[in-house]
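Worth saying up front: this structure is predicted, and the values here are computed from it rather than measured. Numbers restart at 1 for each chain; the letters A, B, ... are given by sequence-line order, proteins then strands.
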2 protein chains.
Amino acid sequence: MADHTDTPVKSIGRMATLLETLQQFDGAGVTELANELEVTKSTVYNHLTSLEQHGYVVHEGDDYYVGLGFLDHGEYARQRQIGYQLIRQKTREVAEETGELCQYMVEEHGLGVFLIRESGRQAVETRTRIGNRVHLNHVTAGKAFLAYAPDARVAEIVDKHGLPGKTENTITSTEALEIELQAIRDRGYAVDKDEHLKGLYAIGVPIQYESGQPLGAMSVAGPANRINDEQRAEEIAQLLLEKANELQLTIKHSQS
Amino acid sequence: MADHTDTPVKSIGRMATLLETLQQFDGAGVTELANELEVTKSTVYNHLTSLEQHGYVVHEGDDYYVGLGFLDHGEYARQRQIGYQLIRQKTREVAEETGELCQYMVEEHGLGVFLIRESGRQAVETRTRIGNRVHLNHVTAGKAFLAYAPDARVAEIVDKHGLPGKTENTITSTEALEIELQAIRDRGYAVDKDEHLKGLYAIGVPIQYESGQPLGAMSVAGPANRINDEQRAEEIAQLLLEKANELQLTIKHSQS
DNA sequence: TTTATTGTTTTGTATTACTAAACACGTGGT
DNA sequence: ACCACGTGTTTAGTAATACAAAACAATAAA
């Protein structure tokens, strides 16, 4: 799980994997972590206390947890994204008007990151959470993004992360991807029948900057039985495209 | 600005100050950071590339920025807080019913951290953002929290962070604090006329767990001219107390 | 072209973060 | 009541590493 690509400052690598497992385990003790990471207890202890002194970790009794120190940096990074406030508002509108779950995702380091998540009245519950990173070929919004990203960028991303499978429907070859992306461009939006999760149907469109480069992608997700019919899907797609277009105009002129 | 309390793993300390200044500067280059932190360029470069490989930093051209890697940990830490979902919903209700800005704050490491922030229709804009850390004696919610926290905990916090001043009205002595906290307990809620920010009026109540220990505090803030009148303030306070009470009952039985 | 000013890379060394082992503390079992 | 084993914590010694210094590359300005 932990990438052993050696980085100049190895302590940062250790810290990163420490935090990841700390989060995975939903809180853990020193020994538990030491066993998992295959390092000495004292090493883990030193890291944890250092992280704690800087607000990145809390301990309750003998268990350590990821702390709220990350929330500050995280929210800063989120609000720094171009058009964040405007897109957030639009996402909310879509969620209310469709009643479904509407999300906005951006790309960073070749992966998709969920930035905004707004639930409508009858929205489904998914496991995705703000900040989660996913492979772009695993989600509808990700494919909508790729379809409108420069070819060179797509190639870079595929080269870096490959096209790992998730379900049997996931696209795992560059040829199939190219065909899919072309289909999305022809259609104007991306559609998925349970690629990410069984029984989930999703529609995604890119949010484009001037010059057409995508900032991210917005998607609506709901239970297949509710969205799968031709009529409703097309309705939602048109709504998304309309909102995306509005955003494109406002972002262009406001630059934030 | 950088605390030089030596921690076992010093790289983490360097990383922390690096990230802080990176955020303060809203993006910066290698040389700029090296000068500010009084270390060599190569050191900064090594840290930045290491952080980047782990998704904590991005670079655009020659400028580095805090990345979205923090968002995942941050959101995790936020949702881990007891009663988060329920409190979020109630915060929204209060924002809608009052039309003002309603926030929820918890304490970590002796400081207040803004967890939730919901704006009503006529809500003021403040500089506070989710994840921001503030001294508890600087904000209304913080004082509401302190008023219902165990005396020992209050003493610990004051001992650790002191009572730094912010405006001329900020409480900076333990005696004054004790009097204020008692007044809050007598009244049932905390009130502030521009302690944190000029022209802002805020009302805060604790959100208590079973056994009365506070999980955090919820506050409503608005322009002084709108809230300052006796009638309106009392109205808001009663609404908050009612919502807090509802929360206390639901959280008790749901444990999340 | 020249001259600053970037970011990047390299090399050697002093620092430091690691392992290992001992210590303190509490708990559960017998 | 004791003992054994589980914690987290602390301490020493050493191998690893993160650092400073300086050279290098690349870009932009003069």
Exercise. Write down the distance between CG (A:Leu33) and C1' (C:dC18), rounded to a whole number of angstrom.
Key: 17 Å
Quiz prompt | Separation of atom CD1 in A:Ile12 from atom C1' in C:dC18, rounded to whole Å | solution = 17 Å
Quiz prompt | Short side-chain N/O contact to C:dA17 OP1/OP2 from B:Ser11, under 4.0 Å | solution = yes
Quiz item: Given atom OH of A:Tyr64 and atom C1' of D:dG8, what is their separation to the nearest angstrom?
Solution: 7 Å
Quiz item: How long is the line joining CG of A:Leu18 and P of C:dA17, in whole Å?
Solution: 15 Å
Quiz item: Quick check: are there more than 12 heavy atoms from other residues, nucleotides or ligands sitting under 6.0 Å from CD of B:Gln89?
Solution: no
Quiz item: Between A:Ala28 and A:Pro8, which has a closest nucleotide on DNA chain D that is more 5'?
Solution: A:Ala28
Quiz item: Is atom CD of A:Glu32 surrounded by more than 12 heavy atoms (other residues, nucleotides or ligands) closer than 6.0 Å?
Solution: yes
Quiz prompt | Value in whole Å for how far the P atom of C:dT6 lies from CG of B:Asn35 | solution = 8 Å
Self-check item: A:Glu60 atom CD: more than 12 heavy-atom contacts under 6.0 Å
Solution: yes
Quiz item: Think A:His47 has a side-chain N or O under 4.0 angstrom from the OP1 or OP2 of C:dC18?
Solution: yes
Quiz prompt | Whether A:Thr21 side chain and A:Gln24 backbone form a donor-acceptor pair below 3.5 Å | solution = no
Self-check item: A:Lys41, nearest nucleotide to its side chain (from D:dT9, D:dA23, C:dC18)
Solution: D:dT9
Quiz item: Expressed in angstrom and rounded to an integer, what is the separation of B:Leu37 atom CG from D:dA18 atom C1'?
Solution: 15 Å
Practice problem: Report yes if a side-chain nitrogen or oxygen of B:Arg14 is closer than 4.0 Å to either non-bridging phosphate oxygen (OP1 or OP2) of C:dA17; otherwise report no. | Solution: no
Quiz item: Could you give the CD-to-P distance, from A:Glu32 to D:dG8, as a whole number of Å?
Solution: 8 Å
Quiz prompt | N/O donor-acceptor pair under 3.5 Å between B:His135 side chain and B:Lys166 backbone | solution = no
Exercise. State whether B:Tyr45 places a side-chain N or O below 4.0 Å from either non-bridging phosphate oxygen (OP1 or OP2) of D:dA18.
Key: no
Quiz prompt | Protein-nucleotide distance (A:Asp62, atom CG; C:dG26, atom C1'), rounded to Å | solution = 10 Å
Quiz item: Counting any heavy atom closer than 4.0 Å, what does B:Thr31 reach on the DNA or RNA strands: base, sugar-phosphate only, or nothing?
Solution: sugar-phosphate
Exercise. Please evaluate the base of C:dA17 for a donor-acceptor partner in the side chain of A:Ser42 within a cut-off of under 3.5 Å?
Key: no
Self-check item: Sugar-phosphate, base or nothing in reach of B:Thr40, heavy atoms under 4.0 Å
Solution: base
